[in-house]
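I have placed the structure first, in the form of structure tokens, so that the comments after it can refer back to it.
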There are 2 protein chains.
Amino acid sequence: MSTIYDVADRAGVSAKTVSRVLNGDGPVGEKTRARVNQAIRELGYVPSQAARMMRSNKSGLIGLITGAISRNAEPTEPTGLPDLHIVQGIQAHMAAQGMTLMIADTGGAQDRVKPLIQTFQEHRVEGLIYVADYHREVDLSDALASCPVHLVNCYDATGRPCVLPDDRGGQHALTKRLVAHGHRRIAYVTLDRDMDATRLRSQGYRDALAQAGIGFDPALLNEGHKQEAPDANACLARAIDHLLELSTPPTVICCGNDEMALRLYGHLRRRGMRVPEEISIAGYDNYRAIAETLFPPLTTVELPYRVMGERVAARLLAQIASGTPPVDDLCELTASPVVWRDSVTAIQT
Amino acid sequence: MSTIYDVADRAGVSAKTVSRVLNGDGPVGEKTRARVNQAIRELGYVPSQAARMMRSNKSGLIGLITGAISRNAEPTEPTGLPDLHIVQGIQAHMAAQGMTLMIADTGGAQDRVKPLIQTFQEHRVEGLIYVADYHREVDLSDALASCPVHLVNCYDATGRPCVLPDDRGGQHALTKRLVAHGHRRIAYVTLDRDMDATRLRSQGYRDALAQAGIGFDPALLNEGHKQEAPDANACLARAIDHLLELSTPPTVICCGNDEMALRLYGHLRRRGMRVPEEISIAGYDNYRAIAETLFPPLTTVELPYRVMGERVAARLLAQIASGTPPVDDLCELTASPVVWRDSVTAIQT
DNA sequence: CGATGACATGACATCGGTGTCATAGGCGAG
DNA sequence: CTCGCCTATGACACCGATGTCATGTCATCG
């Protein structure tokens with residue numbers, strides 16, 4: 001690989017002049033510039049970031065830590081939409097801003113985070129983003145970096161800046177929309193009870209019911225998936241049995257995610273029930289490979305992973321540029337719009 | 001960020017001695033080593049890769065170009081399994097070998113490949129991997145890099161080393177397995193006719209039939225998806241109508257991918273047909289979010305994306321280490337095993 | 001005509017590590 | 001004793017860019 005000196009020699013100028021041509025600082029004569037550019041082309045010269053970085057102390061690199069890449073390989077838990085979409089959003093924003101992303105994967109092992117950060121530091125990344133696989137609290141206490149660290153899809157006790165999905169608002173909007181379509185008996189089959197998403201969405205569900213003047217019926221709120229349960233399907237089946245045996249069964253069932261809704265289609269089909277004519281179904285995540293492909297297409301709530309990715313990226317770059325973390329908005333909620341499709345029908349009231 | 005000289009000063013030694021402690025070359029006295037290590041800890045010193053790279057000319061970086069990250073954001077075409085899984089495999093292998101991966105995304109625009117390669121060159125990557133979203137030919141003629149370039153899930157006219165899925169073998173194995181379960185009328189609803197995967201799998205399908213002594217019936221081979229068709233579902237519906245109206249309808253329908261199979265479940269359900277009692281279904285890809293979650297779970301062929309990722313990574317590193325590209329095996333096919341689930345039943349013969 | 005400044009260019013130091021070579025002390029062999 | 005060798009350490013140059021400062025050449029202006 002040729003250097004700036006090779007180019008300088010070939011063009012018959014000094015290295016500094018080549019540098020000026022490359023960076024456009026300082027004046028360069030027209031003919032000189034042409035000779036230099038020709039030499040660059042002939043040699044296939046590409047400047048070394050390493051050398052640049054040494055002087056400028058600016059790497060143009062952003063580090064990204066995720067379990068997304070490896071974790072999806074073993075989809076043991078139905079956690080919904082691949083968090084990879086968050087990475088998409090980050091990547092898109094960074095590329096647009098001329099930053100280069102270094103992506104590292106923990107392979108699911110928390111103890112790999114530390115060495116990964118070490119590697120990033122060696123490359124002098126200007127900022128770090130930690131992506132969680134689902135909405136939850138994380139502990140990055142051992143991960144002390146000398147650059148800004150932002151979190152997406154998670155938060156920590158030390159109050160690092162973070163971007164989260166608005167789970168409460170999402171389920172609230174969905175429930176409100178269902179009520180507007182005449183539904184009064186609205187069941188909600190949740191993910192694991194101790195997940196943040198479940199807690200927040202249940203709250204949104206109950207708030208919407210209360211605002212509509214509908215009493216909350218505990219019998220309609222079921223846990224459809226248990227972390228420790230060996231057979232997720234069995235758990236879901238029990239929840240459905242329970243709901244359908246009620247004296248006043250629900251007219252619509254909301255699921256904790258779209259995969260669960262997909263399985264629900266299968267269970268209802270086995271029972272010979274038609275969707276949405278006999279019962280409506282709603283999901284969560286807007287996992288398009290499922291929601292758009294199912295018949296009938298699934299009404300669901302968008303988990304705005306891509307947008308969240310773009311938001312952290314923007315916030316991190318803003319902090320790098322300004323030197324100060326976001327002040328009034330340390331933890332940003334991202335809107336989760338309802339995506340209305342054909343799996344929910346209106347109820348005559 | 002502190003430097004090696006700061007550490008040296010604090011430990012009361014020369015920079016070179018610190019370097020020796022860090023790299024373990026050359027002898028260092030026991031007490032000196034302890035003092036140096038302490039100074040490193042106290043200062044939180046992290047060596048600069050940039051400075052290292054300048055002397056050693058080894059970056060420890062591998063560049064990865066993909067459309068995977070951005071493309072999936074707009075799932076307009078049912079191309080099947082996210083190619084991201086290839087990236088998973090690459091990442092896993094690279095991490096295990098101590099290489100750092102720089103991932104760049106084309107955003108779907110081919111003209112971004114060139115500047116991305118430029119960026120990678122500036123960072124002096126030691127190798128480059130290009131990941132395609134589905135099995136196809138690519139043209140990287142303008143992308144001349146001064147380091148080894150390997151392709152995954154694609155090949156090019158210039159004969160670059162590549163790793164491909166064994167589409168022919170996969171469909172062949174599936175068909176053979178169906179025959180072994182008594183099926184004689186085996187339908188195959190393909191992806192777009194002009195895709196490499198379709199051509200190869202059709203060949204595998206026909207080969208397996210021929211080896212079983214079953215005549216090939218063109219009426220059983222349908223194109224279930226057309227690139228230019230606005231409504232993929234309508235196209236699939238026509239294909240099914242056509243198959244079920246045959247005087248001797250098929251006992252099993254193979255689909256071009258799992259999403260298509262998912263839609264097929266819906267169509268058959270609308271017709272009131274039970275899977276697999278009245279008709280069997282097989283997919284392709286082993287897209288687990290779908291195949292494992294459907295009811296009944298879907299028999300399919302594994303698209304070995306993760307393994308393919310690991311293979312390219314290994315082959316690229318081998319070339320970097322040896323200096324010579326893989327000779328006898330420039331284009332490696334990766335086995336695509338059948339994953340047997342409940343959507344296919346045995347036929348009494 | 002000489003002073004003034006804009007323009008074009010180069011010499012040189014510098015960033016933070018590592019390779020090369022030199023040096024000083026200790027120890028066993030001849 | 002002293003020569004040779006090993007251990008432990010440091011001085012210094014170098015990798016490839018860029019920032020700083022100096023220098024040389026014109027054109028312009030008073």
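In this text, all values refer to a predicted model and were calculated from it rather than measured experimentally. Proteins come first, then strands; the chains are lettered A, B, ... in the order of their sequence lines, and each starts at number 1. What you see below is based on every heavy atom in this structure, not just the backbone, and it leaves out hydrogens, waters and symmetry mates.
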Within the 4.0 Å heavy-atom criterion, would you say [X] contacts the bases, only the backbone, or no part of the nucleic acid?
{"X": "Asn57(B)", "answer": "nothing"}
{"X": "Ser56(A)", "answer": "nothing"}
{"X": "Pro47(B)", "answer": "sugar-phosphate"}
{"X": "Val13(A)", "answer": "sugar-phosphate"}

Exercise. With Met99(A) as reference, evaluate Leu61(A), Leu317(A), Ile90(A) under the side chain to side chain contact (heavy atoms under 4.5 Å, CB included) test and give the passing residue.
Key: Leu317(A)
Quiz item: Among Ile65(A), Thr66(A), Ile117(A), Leu64(A), which residue meets the side chain to side chain contact (heavy atoms under 4.5 Å, CB included) test with Tyr130(A)?
Solution: Ile65(A)
Practice problem: Would you indicate which nucleotide in dG10(C), dA8(D), dA8(C) comes nearest to any side-chain atom of Pro27(A)? | Solution: dA8(C)
Would you say a side-chain N or O of [X] is under 4.0 Å from OP1 or OP2 of [N]?
{"X": "Arg55(A)", "N": "dT14(C)", "value": "no"}
{"X": "Thr17(B)", "N": "dG10(D)", "value": "yes"}
{"X": "Ser19(B)", "N": "dT18(C)", "value": "yes"}
{"X": "Ser48(B)", "N": "dG16(C)", "value": "no"}
{"X": "Ser14(A)", "N": "dA11(C)", "value": "no"}
{"X": "Asn23(A)", "N": "dT18(D)", "value": "yes"}

Distance-only, no hydrogens or angles: does the [X] side chain make a donor-acceptor pair with backbone N or O of [Y] under 3.5 Å?
{"X": "Glu126(A)", "Y": "Gly60(A)", "result": "yes"}
{"X": "Arg35(B)", "Y": "Ala11(B)", "result": "yes"}
{"X": "Arg124(B)", "Y": "Gln121(B)", "result": "yes"}

Tell me: [atom1] of [X] to [atom2] of [N], nearest whole Å?
{"X": "Ile4(A)", "N": "dC14(D)", "atom1": "CD1", "atom2": "C1'", "value": "16 Å"}
{"X": "Lys58(B)", "N": "dG19(C)", "atom1": "NZ", "atom2": "C1'", "value": "15 Å"}
{"X": "Arg20(A)", "N": "dC21(D)", "atom1": "CZ", "atom2": "P", "value": "14 Å"}

Self-check item: Residue whose closest nucleotide on DNA chain C lies nearer the 5' end, Tyr5(A) versus Val28(A)
Solution: Val28(A)
Quiz item: Of Val18(A) and Arg33(B), whose closest DNA chain D nucleotide lies nearer the 5' terminus?
Solution: Arg33(B)
